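When a ligand or atom number is given, it counts from 1 through the structure's own listing order. Computed from a predicted structure; not experimentally measured.
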Amino acid sequence: MGSVVDSSNNEANGSALANKKVTVVFVLGGPGSGKGTQCTNIVQHFGYTHLSAGDLLRAEMKSGSENGDMIQNMIKEGKIVPSEVTIKLLERAMLDNGNDKFLIDGFPRNEENRAAFEAVTGIEPQFILFFDCSEEEMQKRLLSRNQGRDDDNIETIKKRFKVYMESSLPVIEYYNVKGKVRKIDATKPVEEVFEAVKTCFTPVAASS
Ligand SMILES: Nc1ncnc2c1ncn2[C@@H]1O[C@H](COP(=O)(O)OP(=O)(O)O)[C@@H](O)[C@H]1O
Ligand SMILES: Nc1ccn([C@@H]2O[C@H](COP(=O)(O)OP(=O)(O)O)[C@@H](O)[C@H]2O)c(=O)n1
Ligand SMILES: [Mg+2]
């Protein structure tokens with residue numbers, strides 16, 4: 001744990017990332033659990049670059065990409081966009097950034113995301129930060145998020161919760177079995193959650 005991932009030993013996979021050594025932390029948890037909020041705090045304290053898969057997909061959608069309509073429909077239905085699209089966006093963002101430490105927020109969200117990312121990039125996450133939050137609290141937060149998102153309505157929120165339970169939790173369990181999950185009680189206020197988050201990063205920062 002805590003070692004810098006050397007993806008250069010995965011050159012056979014042909015990923016452009018193979019020549020760049022990167023450290024990746026996956027930030028996972030249900031919709032509204034506070035992933036984005038805490039990533040902003042982590043960036044300020046620990047020097048990571050925050051990459052939100054959802055933000056990258058929304059930007060791609062707005063850029064007039066050929067995948068724009070497909071992405072918009074998937075987000076509206078709370079479905080997971082095919083990995084190929086999301087991984088390309090993540091790869092490009094990591095390559096374009098001078099930093100070598102990334103928080104990947106909201107990815108991998110299903111087994112296809114997880115397996116494809118590993119196969120394409122060869123990157124093994126340093127650890128998984130898991131925000132555990134009750135559905136009741138997440139729903140309350142999403143309904144008052146006010147970011148003008150098409151998917152923060154009760155109908156889509158219910159669909160997102162179902163996808164989270166059926167497809168995303170098994171990915172967290174996959175990493176839990178590997179001893180890689182650091183679980184945080186995310187129902188608490190922002191400041192208290194961040195106190196717990198800090199303890200996950202401090203030993204890593206001290207040893208690097
Ligand atoms: N610990 C918290 N307590 C109360 N509200 C929170 C907390 N963390 C985040 N929020 C609020 O809840 C909403 C969802 O948070 P966000 O960080 O966007 O979550 P996610 O990225 O997991 O969907 C935002 O409006 C945010 O300000
Ligand atoms: N790995 C991912 C991440 C997000 N998404 C899509 O983007 C939507 C919003 O993701 P998000 O991470 O911004 O949502 P929050 O969990 O932050 O509320 C998801 O419901 C999916 O439709 C995806 O398809 N694949
Ligand atoms: Mg988010």
Can a side-chain donor-acceptor contact be found between [Y] and [X] if the only test is distance below 3.5 angstrom?
{"X": "T187", "Y": "E137", "value": "no"}
{"X": "T49", "Y": "N99", "value": "yes"}
{"X": "Q126", "Y": "T23", "value": "no"}

Item to check | Protein residues that have a heavy atom under 4.0 Å from any atom of ligand 2, sorted by chain and number | outcome: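 Around ligand 2, where the cutoff is 4.0 Å for heavy atoms, the contacting residues are P31, G32, K35, A53, G54, L57, R58, M74, I75, K79, I80, V81, G106, F107, R109, N113, R145, R149, D151, R160.
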
Quick one: side chains of residues 72-79, donor-acceptor pairs under 3.5 Å with protein atoms, not counting sequence neighbours, listed by atom name and distance.
| from | atom 1 | to | atom 2 | distance (Å) |
| --- | --- | --- | --- | --- |
| N73 | ND2 | D69 | O | 3.2 |
| E77 | OE1 | K159 | NZ | 2.8 |

Checklist entry - Are more than 12 heavy atoms from other residues, nucleotides or ligands located less than 6.0 Å from atom CE of M165? => result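 12 or below, so no.
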
Checklist entry - Are any non-hydrogen side-chain atoms of F201 and L103 less than 4.5 angstrom apart? => result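 They are in contact (side-chain heavy atoms under 4.5 Å apart), so the answer is yes.
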
Ligand 1 N/O to protein N/O, distances under 3.5 Å:
| from | atom 1 | to | atom 2 | distance (Å) |
| --- | --- | --- | --- | --- |
| ligand 1 | 1 (N) | R141 | NH2 | 3.4 |
| ligand 1 | 1 (N) | K188 | O | 2.8 |
| ligand 1 | 1 (N) | V190 | N | 3.3 |
| ligand 1 | 3 (N) | R141 | NH2 | 3.3 |
| ligand 1 | 17 (O) | G36 | N | 3.4 |
| ligand 1 | 17 (O) | T37 | N | 2.8 |
| ligand 1 | 17 (O) | T37 | OG1 | 2.5 |
| ligand 1 | 18 (O) | R145 | NH1 | 2.8 |
| ligand 1 | 19 (O) | G34 | N | 3.2 |
| ligand 1 | 21 (O) | G36 | N | 3.1 |
| ligand 1 | 22 (O) | S33 | N | 3.3 |
| ligand 1 | 22 (O) | G34 | N | 3.0 |
| ligand 1 | 22 (O) | K35 | N | 2.9 |
| ligand 1 | 22 (O) | K35 | NZ | 2.8 |
| ligand 1 | 23 (O) | G32 | N | 2.8 |
| ligand 1 | 23 (O) | R145 | NH1 | 2.9 |

Checklist entry - Is a salt bridge present between K88 and E91, judged by a nitrogen-to-oxygen distance below 4.0 Å? => result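 Answer for the salt bridge query: no.
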
Checklist entry - Looking at K178 and E124, does any basic side-chain N land under 4.0 Å from a carboxylate oxygen? => result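 The answer is yes: the pair qualifies as a salt bridge.
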
Checklist entry - Who are the ring pair (Phe, Tyr, Trp, His ring centres under 6.0 Å) partners of F194, not counting sequence neighbours? => result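 Partners of F194 under the ring pair (Phe, Tyr, Trp, His ring centres under 6.0 Å) test: H45.
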
